[in-house]
There are 2 protein chains.
Amino acid sequence: MTGWRGDATTGDDPPEPRATERDWLAAYDPRAFTPVAVTVDVVALTLRGGDLHVLLVERAEPPYQGCWALPGGFLRAGAEGLAEAAVRELAEETGLEGSIEIDAALSRIHLEQLGSYGAPERDPRMHVVSVAYLAFAPGLPDPQAGTDAAAAAWHPVSALDLTSPQTAGASADTHGGGVGGHPGIPLAFDHARILADGLDRARAKIEYSPLATAFLHHDFTIPELRAVYEAVWGERLHAGNFHRKVLSVPGFVESTGTTTERGGSRGGPRARTYHPGDARVLHPPLLRPGREEDVR
Amino acid sequence: MTGWRGDATTGDDPPEPRATERDWLAAYDPRAFTPVAVTVDVVALTLRGGDLHVLLVERAEPPYQGCWALPGGFLRAGAEGLAEAAVRELAEETGLEGSIEIDAALSRIHLEQLGSYGAPERDPRMHVVSVAYLAFAPGLPDPQAGTDAAAAAWHPVSALDLTSPQTAGASADTHGGGVGGHPGIPLAFDHARILADGLDRARAKIEYSPLATAFLHHDFTIPELRAVYEAVWGERLHAGNFHRKVLSVPGFVESTGTTTERGGSRGGPRARTYHPGDARVLHPPLLRPGREEDVR
DNA sequence: GCAATAGTGTCTGTTAGACATTATGCC
DNA sequence: GGCATAATGTCTAACAGACACTATTGC
């Protein structure tokens, strides 16, 4: 089972300069020398009931049978790019394709590349390089029964209790040993680390980009936007200062001129509605509070 | 030549749920179904004579014969991780391995993952997914003759005249068509975009991290550190304010208690020397000037 | 009415950046 | 001496965050 490990590349190197080695290798039939698989995994985050959730699928077969894992699958070689594969896997494994309003929700999804994970031993079957993507989605329903989603569900990230952000949040190029075994739900492969990296990215990203609006539907209120920040950052924010700060950032939100139909569930005036502006970055940014202690 | 394109994955899907498809596929011999190659390319940046340089190698064979390209090569399947491969390729293709002081310089190199590029048509030979790494290196000598470096050289990035940062600086998941054909030196494959992404990352990274010190040797002066920022950002900085700002960031630099042997080449007092502190992030950050115009 | 919330006003400590100043060393 | 530079000091406008306040709605 180890015979496939790098024989063609580590065996008999030609005496030519190595700068042309890749060309030399490329002249060969790809099947003969590159036993590496490429998968695409997605960290899909959404807000459900005020809490941050991540989409997981339960593995039905070994390895890691019975473990939950990030949705993903093999790249279709020659037929799709990385981002395409991520969108396809997300739609397939959520079972959230087809209906009109769900397509509308999917079309609002923000997708960005998170990083690649390629330690040789991260998959016991073979050397698998996984390209991870991070997705922000507005509130999506549960994966529908009868499709791939039979073994898929949204999980609140607070219940997952991942390894501490200090260690798990390291850059993607230093993923050595620890496959995540944490108290709550054990994740397959190194998906605990990928998820932790995704959460770190999300928490940092909404500081400098307007992507928090990707968690909301087209029209939203400032308190709803504040709820996104509070859910992602996991801490309460000052309502008044947040409101003024958001409106002071040019291009972050744009007023629709209308208000909500009703006030809050526990009273209060009706909030004005906004939709995302045309800013791609936030100037000035919305910085997380309580970070003045030096992170070393 | 197109027969390898995704036959096994797009052909006859079994009727089982797709959630187990990857397991089903994994039971096969990897060589039989995954004609995808994984390469690792490195955007290696260094400072030479006050200007930012990038390491490029000249391709001796098609495709893109005669073009310059980022150093890189195929991942040795089963034998190394992604970061390992990046270090190996960098050492091999620079020809900068062996000597004591060069090893010391290489050991100070900062390496981080930049992103992955996997459009099906980015390599005319086959579907190649490239994992790009970004490296910050202190001043390195020219690649030595007689090694792989015969066709390798440092190029000032100012002479490359890449496509505008607005378009090229988009996230790594939106690399559709344009392989970079720009006035100066044409780069192979989509390496112009990778390089542009790397430069954007570098310019943003030194705002919030102390990695600018990775361009310098162990002991450096504040004016030398300012020269790094000026070279990477491409604009002059106010010497006095920069000095005070750097010293006000806890853990950024640490005084050595000594000064340089001589003053500047054009006079002035001898500068105090510092070495990198233990901070991993800069609080507060050193923000680029002149960015208050909203970038949309 | 009561409580909770939306939205605005005010104040204060901190900071970024422009500018000035002094000391030092090369030519 | 002339000049460029290292390093520090001073001033001001802007900003973040704490706090207070009013208006509006659900119960």
Side-chain angles (χ1 to χ4, degrees), chain A residues 50 206-208 216 219-230 233 235-250 252-274 282-294, chain B residues 50 206-208 216 219-230 233 235-250 252-274 282-294:
Chain A
I206 62 176
E207 287 189 319
Y208 304 99
L216 301 170
D219 280 15
F220 55 86
T221 68
I222 303 289
E224 285 171 349
L225 183 62
R226 176 163 47 86
V228 173
Y229 278 87
E230 289 179 337
W233 287 345
E235 51 188 327
R236 303 289 306 228
L237 299 177
H238 189 288
N241 288 339
F242 180 87
H243 192 104
R244 178 162 26 86
K245 191 79 194 293
V246 165
L247 294 184
S248 78
V249 179
F252 190 4
V253 297
E254 217 165 297
S255 174
T256 62
T258 60
T259 66
T260 53
E261 293 295 322
R262 292 176 44 83
S265 60
R266 285 180 292 187
R270 293 184 287 187
R272 277 170 268 195
T273 59
Y274 299 83
L282 302 186
H283 280 297
L286 273 75
L287 297 177
R288 266 175 286 187
R291 304 210 101 215
E292 59 273 1
E293 65 277 7
D294 316 328
Chain B
I206 62 175
E207 286 189 319
Y208 304 100
L216 301 170
D219 280 16
F220 55 86
T221 68
I222 304 289
E224 285 170 349
L225 184 62
R226 175 164 48 85
V228 173
Y229 279 88
E230 289 179 336
W233 286 346
E235 51 189 326
R236 301 291 305 235
L237 300 176
H238 189 289
N241 288 339
F242 180 87
H243 191 103
R244 177 161 30 85
K245 191 78 193 294
V246 165
L247 295 185
S248 78
V249 179
F252 190 3
V253 297
E254 217 165 295
S255 175
T256 62
T258 60
T259 67
T260 54
E261 291 295 321
R262 293 174 44 86
S265 60
R266 286 180 292 188
R270 293 183 288 186
R272 277 170 266 194
T273 58
Y274 299 84
L282 302 185
H283 280 296
L286 274 76
L287 297 177
R288 266 174 286 187
R291 304 211 100 214
E292 61 271 4
E293 65 277 5
D294 316 328

In whole Å, I'd like the distance from the [atom1] atom of [X] to the [atom2] atom of [N].
{"X": "A:R236", "N": "C:dA4", "atom1": "CZ", "atom2": "P", "result": "12 Å"}
{"X": "A:R226", "N": "C:dA4", "atom1": "CZ", "atom2": "P", "result": "15 Å"}
{"X": "A:L282", "N": "D:dA16", "atom1": "CG", "atom2": "P", "result": "12 Å"}
{"X": "A:R288", "N": "D:dA16", "atom1": "CZ", "atom2": "C1'", "result": "17 Å"}
{"X": "B:E235", "N": "C:dG17", "atom1": "CD", "atom2": "C1'", "result": "14 Å"}
{"X": "B:L237", "N": "C:dC19", "atom1": "CG", "atom2": "P", "result": "16 Å"}
{"X": "B:I222", "N": "D:dT8", "atom1": "CD1", "atom2": "C1'", "result": "13 Å"}
{"X": "B:F242", "N": "D:dA6", "atom1": "CZ", "atom2": "P", "result": "11 Å"}

[X] side chain near [Y] side chain, heavy-atom distance below 4.5 Å:
{"X": "A:Y208", "Y": "A:L287", "result": "yes"}
{"X": "A:V228", "Y": "A:W233", "result": "no"}
{"X": "A:E207", "Y": "A:L286", "result": "no"}
{"X": "A:F252", "Y": "A:L225", "result": "yes"}

Does a nitrogen or oxygen in the side chain of [X] sit under 4.0 Å from OP1 or OP2 of [N]?
{"X": "A:R272", "N": "C:dG7", "result": "yes"}
{"X": "B:R270", "N": "C:dG25", "result": "yes"}
{"X": "A:R266", "N": "D:dT24", "result": "no"}
{"X": "B:H243", "N": "D:dT8", "result": "yes"}

Over all heavy atoms of both residues, which pair between B:V249 and B:P284 is shortest? Give the atoms and the distance, please.
CG2-O, 3.5 Å

So which atom in A:R270 and which in A:E261 form the shortest heavy-atom distance, rounded to 0.1 Å?
CD-O, 3.2 Å

Distances under 3.5 Å between nitrogen or oxygen atoms of protein and nucleotides 11-16 of chain C:
| from | atom 1 | to | atom 2 | distance (Å) |
| --- | --- | --- | --- | --- |
| C:dA16 | OP1 | B:K245 | NZ | 3.2 |

Which one, C:dT5, C:dA23, D:dG17, comes nearest to the side chain of A:N241?
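Among the listed nucleotides, the one closest to the side chain of A:N241 is D:dG17.
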
Among the candidates C:dG7, C:dT5, D:dT5, find the nucleotide nearest to the side-chain atoms of A:P269.
C:dT5

Counting any heavy atom closer than 4.0 Å, what does A:T221 reach on the DNA or RNA strands: base, sugar-phosphate only, or nothing?
nothing

Applying the side chain to side chain contact (heavy atoms under 4.5 Å, CB included) criterion to B:R244, which one of B:N241, B:V246, B:L247 satisfies it?
B:N241

When you match B:E261 and B:L287 each to their closest nucleotide on DNA chain C, which lands nearer the 5' end?
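The 5'-side residue here is B:L287.
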
